[in-house]
> 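Here you go, one structure.
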Number of protein chains: 4
Amino acid sequence: MADPSRAQAQRKRILDAAQTCFAERGFHGASMAKIAETAQMSPGLIYRYFESKSQIIRSIVELQLEQIADEINHPKHSHQSLAEHMFDDFYTRRRRHEDDRLWMDPGLIMEISAEAARDPVIGVALRRFDETVQARIEDWLRKPQTQGGLGIAEADVPAKALMLRLVIEGLKVRQTRQPDLDPALLRRCLDQLVQPLLG
Amino acid sequence: MADPSRAQAQRKRILDAAQTCFAERGFHGASMAKIAETAQMSPGLIYRYFESKSQIIRSIVELQLEQIADEINHPKHSHQSLAEHMFDDFYTRRRRHEDDRLWMDPGLIMEISAEAARDPVIGVALRRFDETVQARIEDWLRKPQTQGGLGIAEADVPAKALMLRLVIEGLKVRQTRQPDLDPALLRRCLDQLVQPLLG
Amino acid sequence: MADPSRAQAQRKRILDAAQTCFAERGFHGASMAKIAETAQMSPGLIYRYFESKSQIIRSIVELQLEQIADEINHPKHSHQSLAEHMFDDFYTRRRRHEDDRLWMDPGLIMEISAEAARDPVIGVALRRFDETVQARIEDWLRKPQTQGGLGIAEADVPAKALMLRLVIEGLKVRQTRQPDLDPALLRRCLDQLVQPLLG
Amino acid sequence: MADPSRAQAQRKRILDAAQTCFAERGFHGASMAKIAETAQMSPGLIYRYFESKSQIIRSIVELQLEQIADEINHPKHSHQSLAEHMFDDFYTRRRRHEDDRLWMDPGLIMEISAEAARDPVIGVALRRFDETVQARIEDWLRKPQTQGGLGIAEADVPAKALMLRLVIEGLKVRQTRQPDLDPALLRRCLDQLVQPLLG
DNA sequence: TATGAATGAGTCTTCATTCAT
DNA sequence: CATGAATGAAGACTCATTCAT
């Protein structure tokens with residue numbers, strides 16, 4: 001009677017609901033009851049698919065981090081200019097992924113960073129994914145432009161990858177606090193920041 | 001016999017304890033009982049000096065933001081190269097201010113950003129201080145180098161101020177997640193980022 | 001499976017327990033824990049059915065006031081002599097209504113009067129019900145005896161209604177303080193008071 | 001060093017303050033801190049003169065009851081018509097006694113009645129004073145008019161004393177809930193009630 | 001599988017009372 | 001005698017989790 005695909009679907013419903021609630025009210029502000037209501041199921045049922053609330057938080061964190069990692073060198077972005085991509089990303093907060101969950105919700109990013117300092121499991125996960133992302137960014141930077149990369153010299157890769165991360169993460173913070181930032185200004189800023197990255 | 005200096009000292013004890021607890025467990029993970037224990041006083045006593053837990057959170061937030069704002073154009077940094085300053089800051093997480101409270105605890109920065117999305121009072125405070133900081137950074141950028149500024153042309157000031165903020169805030173995030181980042185790498189990265197800022 | 005009748009039954013259990021506790025220890029002397037224990041449920045469960053303790057108090061107040069208002073011109077009393085009715089009422093403190101809750105608990109009446117001076121919601125409710133009761137008493141006084149009223153001349157109605165209320169409320173106070181009052185004495189007293197009311 | 005008159009004065013200050021606070025917020029709504037503030041002294045000092053808060057409540061109750069008992073056959077009222085006296089009393093809620101404490105604050109009367117059902121000491125005190133008052137009213141009723149009494153026949157005294165009490169206590173309740181009652185109406189009502197009392 | 005009522009430990013907060021000064 | 005800071009035991013209320021149905 002165990003239907004793995006149904007179980008999978010239920011887990012997804014829960015995670016979707018949890019993500020929505022967490023983005024709105026934070027990990028600690030969102031109650032299981034609210035998550036259950038959002039998922040249109042009973043609170044008790046959630047515990048058939050997740051051991052505890054912190055398991056849900058950890059799953060959300062893992063999913064978000066995976067999505068970020070996937071996004072970094074996603075083919076559809078490789079032909080875009082880097083600045084353009086970051087620019088577009090900034091103003092499309094509410095864009096939804098194909099699985100209907102928000103992609104890198106900036107509020108969640110802050111929550112995750114804060115939670116990482118507390119839940120050691122999340123801390124480890126965050127650091128592990130940080131490394132993955134780092135590796136992918138570096139790959140992307142050093143891959144020749146003919147293969148969708150930037151073709152940067154090996155010696156410059158680590159520093160430039162770090163530069164990229166600083167700006168990307170700084171953008172996430174700005175996105176949370178100043179989502180209506182003047183687009184023209186941001187565009188100019190990003191162009192100036194990215195030029196030396198590529199040059 | 002109402003001793004204002006004692007009251008002040010008690011408030012400080014409470015804020016110090018709260019900051020420690022908040023940095024360790026987050027605003028919502030730290031209980032008043034734990035804060036009281038850390039401050040070595042009874043839970044009830046805290047309420048002689050603060051109306052509620054959220055008043056304490058708001059006080060912490062204001063203090064942190066004030067410290068950041070003060071630090072931005074502190075004279076002792078104006079003669080330092082910008083990259084050097086940011087570099088030093090990164091590796092001195094546990095440096096304590098003269099009043100013995102941690103200066104810009106990176107974990108707290110994440111908490112504040114997360115909390116701002118929930119507590120509207122903190123949201124407003126954060127936005128107000130953002131504007132203050134923005135103004136100070138711009139002042140600093142446009143002030144002639146003879147007066148300790150960077151002497152940047154007016155037209156470039158807004159974009160460069162934004163660049164600066166992105167990198168600063170990106171550094172805060174990195175500081176939380178990767179405090180043992182290779183110093184040589186960071187140094188190289190910052191130099192490359194800051195050069196175009198000044199040029 | 002949301003069972004409205006169960007919810008109704010639970011609300012009743014809570015109100016019954018609350019009324020018992022309030023009558024014994026007063027609105028402020030009765031703790032939610034004690035009410036929960038009396039209702040044989042956990043404290044948390046109460047909050048599924050009532051928003052707060054003061055909502056419970058208000059519900060009790062409303063119920064008591066409704067019962068009083070209902071009782072005033074209840075058909076079964078209209079054919080009784082007025083004095084007889086008041087007399088009977090005095091000595092049946094512990095009589096329970098068909099819904100098993102005490103009817104016009106005299107201790108509660110004092111609590112309500114005291115609380116009305118503090119909780120404005122209760123103050124308003126009390127004044128509103130006062131008016132309702134006033135209107136019903138007046139109706140009863142002026143309705144012809146053939147219809148179960150007293151057939152009192154319109155000009156005399158307001159003063160006689162007030163007389164009635166003074167005596168009724170005075171009886172409530174006596175009931176609290178001197179429940180074992182000599183029946184024969186009370187009977188004689190009421191007869192003398194009511195005669196001029198009717199005459 | 002023990003100055004009995006000073007101690008007496010301090011006790012009075014405390015009781016005055018307590019009465020004010022209790023009348024405004026009830027026995028349980030008034031905190032010791034508020035009473036201390038009203039008495040313009042420190043909370044700690046109160047405990048030099050009273051063992052506990054409930055001792056203060058009991059003292060207040062005793063004082064109120066004594067004042068009521070005293071007032072009943074106070075010479076200055078004996079030459080007044082009874083109805084007139086009750087009428088005057090109704091509309092002079094804020095009149096202050098020579099010792100500056102409110103006389104028979106109606107709100108307090110409700111508090112006391114409610115508290116009597118809870119604190120057995122107060123219950124006993126209330127019943128004891130009830131008896132005293134009863135005796136005094138009866139004395140007054142049976143004393144010849146030449147001596148300031150009403151000269152009522154012995155056989156009628158108990159019932160008429162009870163009638164008097166019912167109306168007096170009913171008036172207290174009305175005073176709490178409907179202090180702006182139409183004076184002409186009340187006058188008419190009282191006249192009709194008191195006539196048979198005297199006749 | 002699903003419900004949602006029920007639990008109870010834990011949270012913030014208040015306040016009568018004590019005690020060092 | 002007097003202060004008021006300090007205590008700590010409740011109190012109202014919340015919410016993750018369980019379990020009978």
Side-chain angles (χ1 to χ4, degrees), chain A residues 1-3 6-7 10 28-37 39-57, chain B residues 1-3 6-7 9-10 28-36 39-56, chain C residues 1-3 6-7 9-10 28-37 39-57, chain D residues 1-3 6-7 10 28-37 39-57:
Chain A
M1 254 194 232
D3 178 352
R6 171 165 188 80
Q10 292 287 59
H28 296 282
S31 71
M32 291 298 275
K34 188 73 188 167
I35 293 171
E37 187 196 352
Q40 294 184 75
M41 59 175 65
S42 65
L45 190 52
I46 292 180
Y47 287 83
R48 187 170 287 275
Y49 300 103
F50 291 91
E51 237 180 33
S52 67
K53 187 180 179 183
S54 60
Q55 286 301 332
I56 296 179
I57 294 177
Chain B
M1 245 192 231
D3 183 352
R6 173 166 191 80
Q10 292 287 62
H28 297 285
S31 71
M32 291 300 277
K34 188 71 187 168
I35 294 172
Q40 294 185 78
M41 57 176 68
S42 65
L45 189 53
I46 293 180
Y47 289 86
R48 178 175 286 272
Y49 302 102
F50 291 92
E51 250 184 19
S52 66
K53 186 182 180 182
S54 64
Q55 285 300 331
I56 296 178
Chain C
M1 251 195 225
D3 182 351
R6 172 163 191 81
Q10 291 287 59
H28 298 284
S31 71
M32 291 299 277
K34 187 71 188 169
I35 293 172
E37 188 195 351
Q40 294 185 78
M41 57 176 67
S42 65
L45 189 52
I46 293 180
Y47 289 86
R48 177 175 287 272
Y49 302 103
F50 291 92
E51 252 184 18
S52 66
K53 186 181 180 182
S54 63
Q55 286 300 331
I56 296 179
I57 294 177
Chain D
M1 251 189 237
D3 179 351
R6 173 166 186 79
Q10 291 286 60
H28 296 282
S31 71
M32 291 299 275
K34 188 73 187 166
I35 294 171
E37 186 195 353
Q40 295 185 75
M41 59 175 67
S42 65
L45 190 52
I46 292 180
Y47 286 83
R48 188 169 287 275
Y49 300 103
F50 290 92
E51 236 180 34
S52 67
K53 187 181 180 182
S54 60
Q55 285 301 332
I56 296 178
I57 294 177

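Chain letters run A, B, ... following the sequence lines, proteins first and then strands; every chain starts at 1.
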> Atom CD1 of Ile35(A) and atom CE of Met32(A): how far apart are they, to the nearest 0.5 Å?
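Separation between the atoms: 5.5 Å.
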> Nearest of dC12(E), dC1(F), dT17(E) to any side-chain atom of Lys53(B)?
dC12(E)
> For a quick test of your reading: what N or O donor-acceptor pairs under 3.5 Å do the side chains of residues 40-51 of chain A make, sequence neighbours left out?
from     : atom 1 : to       : atom 2 : distance (Å)
Ser42(A) : OG     : Leu45(A) : N      : 3.4

> Would you confirm whether Lys34(C), through its side chain, and Gly29(C), through its main-chain N or O, come within 3.5 Å as a donor-acceptor pair?
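Side chain of Lys34(C) to backbone of Gly29(C): no pair is present.
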> Please state how far atom CD1 in Ile35(C) lies from atom P in dC13(F), giving the value in whole angstrom units.
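About 10 Å, once rounded to whole Å.
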> Would you kindly compare Ser54(B) and Ser54(D) by the position of their nearest DNA chain E nucleotide and give the one closer to the 5′ end?
Ser54(B)
> When you measure from every atom of DNA chain F, which of residues 39-49 of chain D have a heavy atom less than 4.0 Å away?
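When residues 39-49 of chain D is checked for heavy atoms under 4.0 Å from DNA chain F, the hits, listed by number, are Met41(D), Ser42(D), Pro43(D), Gly44(D), Leu45(D), Arg48(D), Tyr49(D).
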> Rounded to whole Å, please give me the gap between CD in Gln55(C) and C1' in dC13(F).
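Rounded to the whole Å, the gap is 14 Å.
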> Take His28(D) and Ser31(B), find for each the nucleotide of DNA chain E with the closest heavy atom, and name the residue whose nucleotide sits nearer the 5' end.
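Per heavy-atom nearest nucleotide, the more 5' residue is Ser31(B).
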> Rounded to whole angstroms, how far apart are CD1 on Ile56(A) and P on dA16(F)?
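Atom CD1 in Ile56(A) sits about 10 Å away from atom P in dA16(F).
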> For Ala30(B), answer base if it contacts any base atom (sugar-phosphate contacts may also be present), sugar-phosphate if it contacts only those atoms, and nothing otherwise; contact means non-hydrogen atoms under 4.0 Å.
sugar-phosphate
> Of the candidate nucleotides dA6(F), dT13(E), dC1(F), which contains the atom at the shortest distance from the side chain of Arg6(D)?
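Nearest to the side-chain atoms of Arg6(D), counting from C-beta on, is dC1(F).
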> Give the rounded distance in Å between these two atoms: NZ of Lys34(C) and P of dC13(F).
19 Å
> Could you tell me the separation between the CD atom of Glu37(C) and the P atom of dG11(F), rounded to a whole number of Å?
12 Å
> If you assign Gln10(B) and Ser52(C) each to the DNA chain F nucleotide with the nearest heavy atom, which residue ends up on the more 5' nucleotide?
Gln10(B)
> Map every base of DNA chain F to its dot-bracket character, where paired means a Watson-Crick or G-U wobble contact with both distances under 3.5 Å and | marks a partner outside the strand.
.||||||||||||||||||||
> Could you tell me whether a side-chain N or O of Ser54(A) sits under 3.5 Å from a main-chain N or O of Ile57(A), the two making a donor and an acceptor?
no
